[in-house]
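Presented below is the structure to which this report refers.
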Protein chains: 2
Amino acid sequence: MTKSYHHGNLRAALVDAAVGLAREGGPDAVVLREMARLVGVSHNAAYRHFSDRDDVMAEVAEFAMGQLETAMRSGIASVRSRDREVRARRCLREVGRAYVHFALGNPGLFTIAFTVKSEAVLSEERALALVAPYALLNEVLDELRDSGAMPARRRPSADVSCWAAVHGFSLLHLSGPVSDAPSTEREAALDHLLATIERGLIAP
Amino acid sequence: MTKSYHHGNLRAALVDAAVGLAREGGPDAVVLREMARLVGVSHNAAYRHFSDRDDVMAEVAEFAMGQLETAMRSGIASVRSRDREVRARRCLREVGRAYVHFALGNPGLFTIAFTVKSEAVLSEERALALVAPYALLNEVLDELRDSGAMPARRRPSADVSCWAAVHGFSLLHLSGPVSDAPSTEREAALDHLLATIERGLIAP
DNA sequence: CTCTGTATGTTGTCACCGTCAACTTTGGAG
DNA sequence: CTCCAAAGTTGACGGTGACAACATACAGAG
């Protein structure tokens, strides 16, 4: 099945190639013709499986968001506390730390995850996958409120605030004015950021 | 001097055109050939004044950062409070608000301001201009500490935290999962974000 | 004032990319 | 077995960034 005229599962192979390119070169490196070259198929083959380059990018973005969600989940899984309030706070911190670490460790994928054009084809499933990390953060914040750690009135806007903080931190270190900070300093700054946000949310 | 073979100040004209393109189309819209077309000069003329496309982008980024700095300064100028502590806190808020408003009001320019490739030619002057907004934020935070509003130990990491928050907020609304929020809701979320950060920094 | 060199702008070209149209091969349904 | 639709290919077009070679105009030396 592998060497026939028909590839068999070309779509998956192309996505693999696209993810590989994205991983190292970021959005600009995702080149249709290069994907085809890597898979050993001729250019334009991709057009049987994707409508557009944007369509490919959306697929990569979906993959990247999935990876991000996984990273965030394992951040949560690493929390050991038994006390409900403490646990909720730790979860928030770890989910934030995981977010930033994923971003800095996978700059290409992370960038593409937020590069999806609004005109792109958005199937129900794909749209859902693209906001999965956001949904996960919301779960954590719900628990932060339900556990009593955070005043309920803060809940509505807490998601955007938290997301903004870690997202901005990531991007500032990826392509911003502090992109050349040493990693120990960066980690310290991240701790302070997470602590600041937590104080801001918890304070009565 | 205008219709001669030599343009006179082609470089400035090209930058103007580039800024115009950047304003509406973002980074992808800054096309050397289109710049040349707008100015009424033939393609490749730009290569007498810029080494590269990245060089042009860096120039636009410098301009954008200048605009951003101006916006932040007028945010500070709008603060009326006399009490030193209160004034310092207001300045921080207004500088943050101005940052976000500039980003959402000038998405193309704002995006480019943070798209400058690290390999780009960075003259001393240009490098300085690119971090001017960052320097301004640091001034505000110094005053926040000196006025006694913020514990001194928080000062070192406060810059990154504040910057991350407003930067992330801007990008989430420009190309993130909350990019379609209505403006009144967005403004409320911004208020909450700024309040959260302030609480996090002020709390003893 | 002339001469000449250098800065500035132009023309032509190349490789690369995304995309469309037309053609070819394959595998499976009837 | 036949035929058709899905999957892959070939070829082309317009657009872009970049390079090289050429043309022009200004400015300073004599």
Side-chain angles (χ1 to χ4, degrees), chain A residues 1-22 24-61 108 111-112 115-121, chain B residues 1-22 24-61 108 111-112 115-121:
Chain A
M1 176 194 282
T2 55
K3 291 299 290 179
S4 68
Y5 186 90
H6 284 41
H7 183 284
N9 54 352
L10 182 62
R11 183 185 170 97
L14 285 172
V15 172
D16 263 18
V19 168
L21 291 174
E24 24 193 309
D28 293 347
V30 179
V31 173
L32 294 189
R33 291 169 113 103
E34 181 64 15
M35 291 165 43
R37 246 168 260 143
L38 286 176
V39 176
V41 90
S42 206
H43 79 271
N44 271 353
Y47 283 92
R48 297 293 156 185
H49 301 276
F50 302 95
S51 66
D52 228 45
R53 178 174 181 269
D54 287 346
D55 197 11
V56 177
M57 296 295 277
E59 193 77 19
V60 177
T111 303
I112 289 189
T115 309
V116 54
K117 306 254 181 178
S118 44
E119 311 94 1
V121 188
Chain B
M1 176 193 282
T2 55
K3 292 299 290 178
S4 68
Y5 185 90
H6 285 39
H7 183 284
N9 53 353
L10 183 62
R11 181 183 170 99
L14 286 172
V15 172
D16 262 17
V19 167
L21 291 173
E24 23 193 310
D28 293 347
V30 179
V31 172
L32 296 187
R33 291 170 114 101
E34 181 65 15
M35 289 164 46
R37 245 167 262 145
L38 286 176
V39 177
V41 91
S42 207
H43 77 272
N44 273 354
Y47 284 94
R48 296 293 156 188
H49 301 276
F50 303 95
S51 65
D52 225 64
R53 177 172 183 272
D54 287 347
D55 197 11
V56 177
M57 296 295 277
E59 193 77 20
V60 177
T111 303
I112 290 189
T115 308
V116 54
K117 306 254 181 180
S118 44
E119 311 96 3
V121 189

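Chain A is the first sequence line, chain B the second, and so forth, proteins listed ahead of strands; every chain is numbered from 1.
Nearest-nucleotide positions on DNA chain C for B/H49 and A/V31 put B/H49 closer to the 5' end.
The listed nucleotides are D/dT9, C/dG9, D/dA7; the one nearest the side chain of B/A45 is C/dG9. Distance from the side chain of B/R53 is smallest to D/dG17 among D/dG8, D/dG17, D/dT9. Taking every side-chain heavy atom of A/Y47 into account, C/dG18 is the closest of D/dG8, C/dG18, D/dG17. Of all nucleotides listed (C/dC17, D/dT16, C/dG9), D/dT16 comes nearest to the side chain of B/R37. The side chain of A/H43 sits closest to C/dT19 out of D/dA18, C/dG9, C/dT19.
Whole-Å rounding puts the B/D52 CG to D/dT16 P distance at 17 Å. Rounding to whole angstrom units, CG of residue B/D55 and P of D/dG17 are separated by 14 Å. Note: CG (A/L14) to P (D/dT9) measures 10 Å, nearest angstrom. In this structure, B/L32 places its CG atom 10 Å from P of D/dT16, rounding to the nearest Å. The CE atom of A/M57 sits 11 Å away from the P atom of C/dT19 (whole-angstrom rounding). Rounded to whole Å, the distance from CG on B/D28 to P on C/dC17 is 16 Å. Nucleotide C/dG18 holds its P atom 13 Å from the CZ atom of A/F50, rounded to whole Å.
Here the closest heavy-atom approach between residue A/A18 and residue A/V30 is recorded as O-CG2, 4.0 Å. Closest non-hydrogen pair, B/T115 versus B/P27, comes out as OG1-CG, 4.2 Å. Minimum heavy-atom separation, B/H49 to B/D55: O-OD2, 4.4 Å.
Judged by atom type and distance alone, A/R48 reaches the base of D/dG8 through a side-chain donor-acceptor pair under 3.5 Å.
With A/M35 as reference, A/L32 is the one residue of A/V39, A/L32, A/V31, A/L38 to meet the side-chain contact (heavy atoms from CB on, under 4.5 Å) rule.
Within the nucleic acid shown, B/R33 comes within 4.0 Å of at least one base atom, counting heavy atoms only. Within 4.0 Å of B/R11, counting heavy atoms only, lies no atom of the nucleic acid at all.
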Problem - Test log, rule side chain to side chain contact (heavy atoms under 4.5 Å, CB included), inputs A/R48 and A/L10 - result: CA-CA 9 Å; A/R48 297 293 156 185; A/L10 182 62; over 6 Å; no

